[in-house]
Amino acid sequence: MCGIVGAVAARPVSAILLEGLKRLEYRGYDSAGLAVFDGEQIHRLRRAGKVRFLADAEQAAPLSGSLGIAHTRWATHGKPTEDNAHPHMSGEQLAIVHNGIIENFEPLKAALEEAGYQFSSDTDTEVIAHLIDQAVKAGASLQDAFLSTVSQLEGAFALGVMHKDFPGQILASRKGSPLVVGVGMGENFIASDQMALLQVTDRFIYLEEGDFVQITLDQVSIWDKTQQLVERPVKVFEHNLSVAEKGEFRHFMMKEIYEQPEVVKATMQGRITEDRLLEQSFGNGASELFDQTRQVQIIACGTSYHAGLIAKYWIEDIAGIPCAVEVASEFRYRKHVIPDNTLFITISQSGETADTLAALRAIKEQVLASLTICNVPGSSLVRESDLSLMTNAGPEIGVASTKAFTTQLVALLMLTVALARRNGLSEEQEANIIRGLHQLPSLLLAGVRLDKDIELLAQDFAEKNHALFLGRGPLYPVAMEGALKLKEISYIHAEAYPAGELKHGPLALVDKEMPVVTVAPNNALLDKLKANLQEVKARGGELFVFAGADKIQQEDGLKVRQMPDVPEFLEPIVYTIPLQLLSYHAAVLKGTDVDQPRNLAKSVTVE
Ligand code: G6P
């Protein structure tokens, strides 16, 4: 999704802005631009495509100036062309960057056209530039013009504005889209997330919904949605800069797959002892809320939704509590019957997904409490939920989620233990799960070590146009996640089915051009799955099976890769690894843009 960077400094800002845009590339975008004020004029440069095209253009014709705003655009209104790229300007005097969607832009545009404004793009953003300009021309200060414009906008947005006649400042605001202020020494910044600014500061102010901010060289002034001047805390973002570097890896996605054995330790650290869960990890008051919980409702999107589907099996099997799971974009727009004492759980890597956030806001008052399982501290979901459990996976840069997913599962398994304690889970059973969690890093490492072998398997995929993924029980959502990974990054069409549904349709598709991938661990459903495999084989389908040691034998048309022996409740986490590797290698063989697949965004901050 779109990314914003802005800087007010006593030094040239173009390089800071371009570096910020590069660091936001992971969010997904299709054009980029920047505008810099040199004390006399605003100079703008925009390019369709990658930030490196913009950086090359800037190198050829440098933009000097110590005040600037920049943007990566993920097209919503209008094609990803240079004309539609941000910053947008009103005349020569004002430049604006915008993340989000202005729903009422059409009537606003019509009124502006009537007043004589000419539009040079198809975007909704350009109306904001002209509205501010119109108010300034009518005599308002930039601040008043900005505020009166924002009050007319419906939809979701984060904005950054600079004006030639009001030098030395950037005005910004957020409503529904994320925005942080980076606090420097004699310089200040804005950005869509802190990743964009880690090269210049580690001190951040996380803006609240409706906040309006003015940054100058030495001051950050914030007004809340009631226009009261407020103080927001400055938080130090503790990070290791290497998290944002690829290191020895060719792609961030591969680095993140390999990080999983380590990052799951961070998810568990300080939250479990040798054999017990430390329930206070869920925050103050969590134990009392878990005591009252009779039903769980999980909401999420994309990969996080698949984590929720797996958690449903755990929560119902292990904790014996009813659990419903739904994608946020459906949930938010329908009527609900919410039973009493429902714990409402959102799962999100970014904590900013627009649909998930809207679902939380819609239901908050009707539930016992809200808990978010999230990877980004200070994100909107974390701030707006009653409880939060951070997954601690560290920044995930590859658009296709990997380590965020497995750490979400670890967090959800810990939550399951907390709920199950109240529903008959014995100390011994709890100890068994916790000891299993301690083994997880080495089990994931064994999965990652299949890498070279899976790279060879992937050769059979790279030429295919379709693939089918099968699983049973909690391994069905794992198959769904495997199919999603494959389509996201290799653009091979993939579908997942519960293996038992094979005969009810998908079997008609099976022939030698349709590889079938199955996750077949060592559980009670294995024999049923074996029968499904024979059905595929009999139709000439080529099968790729990830199975427990010695459970299924390799034979013609059946390629088996043995997985380590895994306690049943950990199977969904460990069996995810080979499917991530398979998609990764298929995509590399196809030569796609693995870390930034076409049309996709990391953080979907618009509906
Ligand atoms: C986008 C990303 C996915 C992610 C989904 C939900 O589609 O590309 O990787 O799973 O959003 O994002 P969230 O941040 O809420 O987990």
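Every number for a ligand or one of its atoms is a count from 1 in the order of the listing.
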- Option passing side chain to side chain donor-acceptor pair (under 3.5 Å) with Lys403 (candidates Glu259, Gln349, Gln260): Glu259
- Message: To check your reading of the model: name the closest protein heavy atom to atom 6 (C) of ligand 1, its residue, and the distance in Å.
- Response: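 Among all protein heavy atoms, the one nearest atom 6 (C) of ligand 1 is Cys301 O, 3.4 Å.
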- Task: Compute the centroid of each ring, for His251 and then for Tyr584, and state whether the two points are separated by less than 6.0 Å.
- Result: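 Yes, close enough.
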- Assess the pair Phe544 and Phe461: is the distance between their ring centroids shorter than 6.0 Å? yes
Atoms of ligand 1 close to [X] [distance to a heavy atom under 4.0 angstrom, numbered from 1]:
X	result
Lys602	1 (C), 2 (C), 11 (O)
Ser348	13 (P), 14 (O), 15 (O), 16 (O)
Ser401	9 (O)
Ser304	10 (O), 13 (P), 16 (O)

- Item | Nearest non-hydrogen partners of Ile433 and Phe569, listed with the distance | CA-CZ, 3.5 Å
- Message: Using 30° and 60° as the class boundaries, would you call the ring planes of Phe331 and Phe344 parallel, tilted or perpendicular?
- Response: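 Rings of Phe331 and Phe344: tilted, 30 to 60°.
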- Let me know which of Arg232, Lys225, Lys175 forms a side-chain contact (heavy atoms from CB on, under 4.5 Å) with Asp211. Arg232
Is there a polar contact, in the sense of an N or O pair closer than 3.5 Å, between [X] and ligand 1?
X	result
Ala601	yes
Thr303	yes
Thr353	yes
Val399	yes

- Item | Cationic N near anionic O, under 4.0 Å, Lys22 to Glu25 | no
- Task: Indicate, as side chain, backbone, both or neither, the part of Glu352 found under 4.0 angstrom from ligand 1 when only non-hydrogen atoms are considered.
- Result: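 No part of Glu352 is near ligand 1 at this cut-off.
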